[in-house]
Every structure is written in structure tokens, then in C-alpha cells.
Amino acid sequence: MSLVYRSPYDGHSRTALRVGLAVIAGIVFLDAAFEVASMAKDPHFVPRAPGLLCFLPNTPALAWVLFGLVAVGLLFFALDRFVIAAGAWAIGWMAVLSQWRTELFGTPSRNCFFPGAMLFGWVLGLVWARVVAGRDALSPEGRPLRESFAEAGAMACIAAGYVGSALSKLFASGFGWVNPSQIRWLILSQEPLASFPWLLAYRNTLIESPDLARLSALATLVIEGGSFVLLFGARWRLAWTAAIWALHLHILLLCKMPYLEPMSLLLLFAVPWPRIFRRPRIEDPLLARRPELGQPTMPDAIWILLCVMIVLAWIAPVGFRAD
């Protein structure tokens with residue numbers, strides 16, 4: 001296992017990653033805007049503890065205004081124009097729209113989380129490249145270098161999301177989460193995806209077998225908690241992506257809970273599409289001119305920014321901790 005970040009896009013253009021990330025995020029937040037607009041005109045969805053809605057009018061039109069602001073940022077991001085500012089702009093308005101949905105619906109959106117996290121990681125990688133390489137990183141010749149950093153940042157954030165999910169389970173109930181009742185209760189509280197005889201038989205077996213339910217819970221923790229492997233080389237990334245896909249398909253079949261966003265993002269980032277389609281290799285003129293950039297260390301500015309974000313994630317009264 002290599003601890004050096006390697007990618008199937010090394011030596012190839014990462015335009016498909018940047019555009020694909022923008023498109024997936026755009027589709028997800030278009031759906032979020034539709035949800036918010038629908039809830040805003042329904043008196044049933046009254047915020048329990050309004051935060052943003054203390055300052056923003058709860059009107060459907062505003063949801064579409066917010067999506068328009070998000071779309072502008074994503075468009076510039078996809079076109080690689082003012083990409084750090086465009087990404088930060090899109091993330092800011094995405095956060096507003098997502099938080100508004102949370103206040104109306106009562107729980108955060110898992111659909112919005114993964115595209116937002118990977119977009120944030122991409123921007124953070126661009127900032128890292130700017131700190132390491134200076135102005136050269138944002139020049140046309142610096143695109144291969146800065147987008148290699150950006151890809152690593154995006155993958156780091158999706159890996160952190162899965163590891164954080166496993167840690168939240170352990171912090172909430174320790175290894176008591178690995179028990180038959182947890183999984184069986186979840187299955188009983190949801191409907192299966194379809195009424196296939198084999199699926200219903202498997203579902204009943206899982207409900208009636210404590211050992212199988214316990215194994216399923218343990219596998220969930222192992223796959224989520226081990227997702228840092230996504231950063232350890234292209235082959236390990238592809239193998240762990242397959243494990244995550246298996247986990248999500250299992251959940252989808254038994255509980256009808258789709259996680260299409262992380263599945264599509266991992267499919268885009270982990271599969272060696274440039275080799276499959278035999279895309280031409282590209283040169284990295286900035287790295288050729290400044291070979292010392294090939295093995296950068298993390299700048300102090302990035303460490304400080306990460307520490308500040310971790311602290312804010314624990315103390316800010318938004319999202320999952322806004323109880």
C-alpha cells in the first residue's frame with residue numbers, strides 16, 4: 001500500500017473531474033431548491049428553531065434566487081475561471097440553501113453533504129497549490145499541478161465524511177452500535193426497494209438472524225471507518241470504492257435510502273476513465289520547471305485553516321449539531 005497520493009488522472013487532464021463535480025453539485029442543489037420552494041409555501045413546514053429564517057423571508061422565490069447564485073459560481077468553477085473565488089462563492093450559497101432546508105425539514109440533507117464536501121476539498125486543494133507554488137499555480141501552465149492538489153483535497157474530504165460517519169456512531173453508542181437490534185430496527189422501519197422474492201427472503205433472514213445483523217453492522221463500521229484508504233493509491237481507491245458501492249447498494253435494497261451522490265462522485269473520481277478511453281497524456285510545464293513542487297509539505301496556513309474548521313464544526317450551531 002502506497003501512502004503517496006496517486007490518481008488514475010495523473011498525466012491526464014482533470015477537466016472531466018472539475019466539470020463533473022460542478023454538474024453533480026448543480027443537479028443536487030437544483031433538487032434542494034425545488035424542495036425548499038415547495039416547503040416554503042406549505043404551512044406544515046414551520047421551522048422549529050429558525051436561524052437563517054430569522055433574517056431571510058420564507059418565500060419560494062428566494063430558493064430559486066439562491067440556486068441562481070449557486071449556479072453562477074458552479075459555472076465559473078466548471079469553466080476554470082476565477083476558480084477559487086467561484087468555488088467559495090458557490091459553497092457559501094450552497095450552505096445557505098442547505099441550512100434553510102434543514103430548518104424547514106428538521107434534519108440535514110445527506111444529498112447535499114457529499115457534493116458540498118468534495119467541492120470544498122477541491123477549493124482547499126487549489127488554495128494549497130497557491131500557497132505552495134505562488135502565482136504560478138493559477139496560471140494556465142499551472143493547471144495540471146493545481147488540479148492534482150484539488151483532486152487530492154476533494155478525495156480527502158469525501159474520505160473524511162465517511163470516517164466521520166463511523167466515528168459519530170462510535171461516539172454516540174460506542175461498540176454497542178454493533179448489535180443486532182440496531183440493524184434490524186432500521187430494516188423494519190423502512191420499506192424494501194422492491195418485492196422480489198429473493199430480496200424479501202434475504203430481508204427476513206437478516207431480521208431473524210442476530211449474527212447476520214451484527215455482521216452487517218460491523219461491516220458498515222469497517223467500510224466507513226476505513227475510507228481513509230481512498231487516499232492510498234489508485235488501486236486501493238478503486239477497491240474501497242467498490243466496497244462503499246456494495247454498502248450503499250445493500251442499504252438501498254433493504255431500506256430504500258439512496259446515496260446516489262457519493263456513489264456517482266466516487267465512480268467519477270476512482271475509476272481510471274482516462275486509461276479506459278485511452279485519453280492522451282499531457283505535460284506539466286510548471287512541475288518540469290520547478291521539480292521541487294512534486295513532493296510538497298503541508299503549509300502552516302493549511303494546518304491552521306483545517307484546525308479552525310474542525311473547531312467551528314463542533315461549536316457552530318448549524319447542521320447536525322444544531323440541537
Side-chain angles (χ1 to χ4, degrees), residues 1 20 24 27-28 31 105 107-118 154-273 320:
M1 179 184 296
I24 292 171
I27 293 172
V28 169
D31 180 67
F105 192 72
T107 58
S109 170
R110 67 175 183 271
N111 301 327
C112 296
F113 174 78
F114 287 100
M118 290 196 77
M155 289 302 300
C157 280
I158 196 170
Y162 279 108
V163 173
S165 178
L167 291 177
S168 68
K169 294 179 176 65
L170 293 175
F171 288 155
S173 54
F175 284 99
W177 195 88
V178 184
N179 66 75
S181 301
Q182 180 78 25
I183 295 297
R184 290 189 289 184
W185 173 85
L186 179 61
I187 294 173
L188 285 170
S189 65
Q190 303 286 334
E191 292 293 329
L193 180 65
S195 56
F196 303 131
W198 62 268
L199 179 58
L200 296 178
Y202 174 64
R203 184 174 184 267
N204 290 334
T205 301
L206 196 59
I207 293 171
E208 295 169 2
S209 172
D211 291 338
L212 188 57
R214 185 180 294 110
L215 179 62
S216 181
L218 180 61
T220 299
L221 283 179
V222 170
I223 292 173
E224 289 185 342
S227 292
F228 56 85
V229 173
L230 290 169
L231 305 178
F232 291 170
R235 292 181 180 178
W236 280 97
R237 183 174 311 118
L238 186 59
W240 214 260
T241 292
I244 293 173
W245 260 70
L247 171 65
H248 286 319
L249 287 175
H250 193 238
I251 295 171
L252 176 61
L253 288 171
L254 293 173
C255 303
K256 204 185 295 184
M257 297 170 60
Y259 284 82
L260 302 180
E261 297 78 15
M263 293 172 70
S264 60
L265 288 166
L266 286 172
L267 187 67
L268 174 64
F269 276 73
V271 175
W273 299 114
F320 287 94

Value rounded to 0.5 Å, distance of CG in Leu252 from CD in Gln190: 11.5 Å

Partner residues of Arg203 under the salt bridge (Lys or Arg N to Asp or Glu O under 4.0 Å) criterion, sequence neighbours left out: none

Minimum side-chain heavy-atom gap Arg184-Pro210 below 4.5 Å: yes

Flag, side chain of Trp240 to backbone of Phe228, donor-acceptor distance under 3.5 Å: no

Beyond-backbone contact of Glu224 with Ile244, side-chain heavy atoms, under 4.5 angstrom: no

Nearest non-hydrogen partners of Ala117 and Cys157, listed with the distance: O-CB, 3.3 Å

Distance (rounded to the nearest 0.5 Å) between Ile207 CD1 and Leu186 CG: 10.5 Å

Under the side-chain hydrogen bond (donor to acceptor under 3.5 Å, both in side chains) test, residues paired with Ser216 that sit two or more places apart: none

Within-4.5 Å side-chain heavy-atom neighbours: His250 and Thr220: no

Approximate separation, where rounding is to 0.5 Å, of Leu188 CG and Cys255 SG: 9.5 Å

Interatomic spacing from CD1 in Ile27 to CG in Asn111 - rounded to 0.5 Å: 12.5 Å

Spacing of CD1 belonging to Ile158 relative to CG belonging to Leu265, to within rounding of 0.5 Å: 5.5 Å

CA sep, side-chain torsions, deciding dist, call: Leu267, Thr241, side-chain contact (heavy atoms from CB on, under 4.5 Å): CA-CA 8 Å; Leu267 187 67; Thr241 292; 5.9 Å; no

Flag side-chain contact, heavy atom, 4.5 Å: Pro272 against Arg235: no

Which atom of Cys112 lies closest to which atom of Pro115, heavy atoms considered: O-CD, 3.6 Å

Heavy-atom pair with the smallest gap, counting every atom of Leu253 and Leu199: O-CD2, 3.6 Å

Residue pairs, two or more places apart or on separate chains, that pass side-chain hydrogen bond (donor to acceptor under 3.5 Å, both in side chains) and touch residues 254-267: none

Nearest atoms (heavy-atom pairs only) where Ala213 meets Ile183: O-CG1, 3.6 Å

Close side-chain approach of Leu254 and Tyr202, heavy atoms under 4.5 Å: yes

Non-hydrogen atoms of Ser227 and Ala159 that approach each other most closely: O-CB, 3.4 Å

Heavy-atom pair of closest approach, residues Met263 and Trp245: O-NE1, 3.1 Å

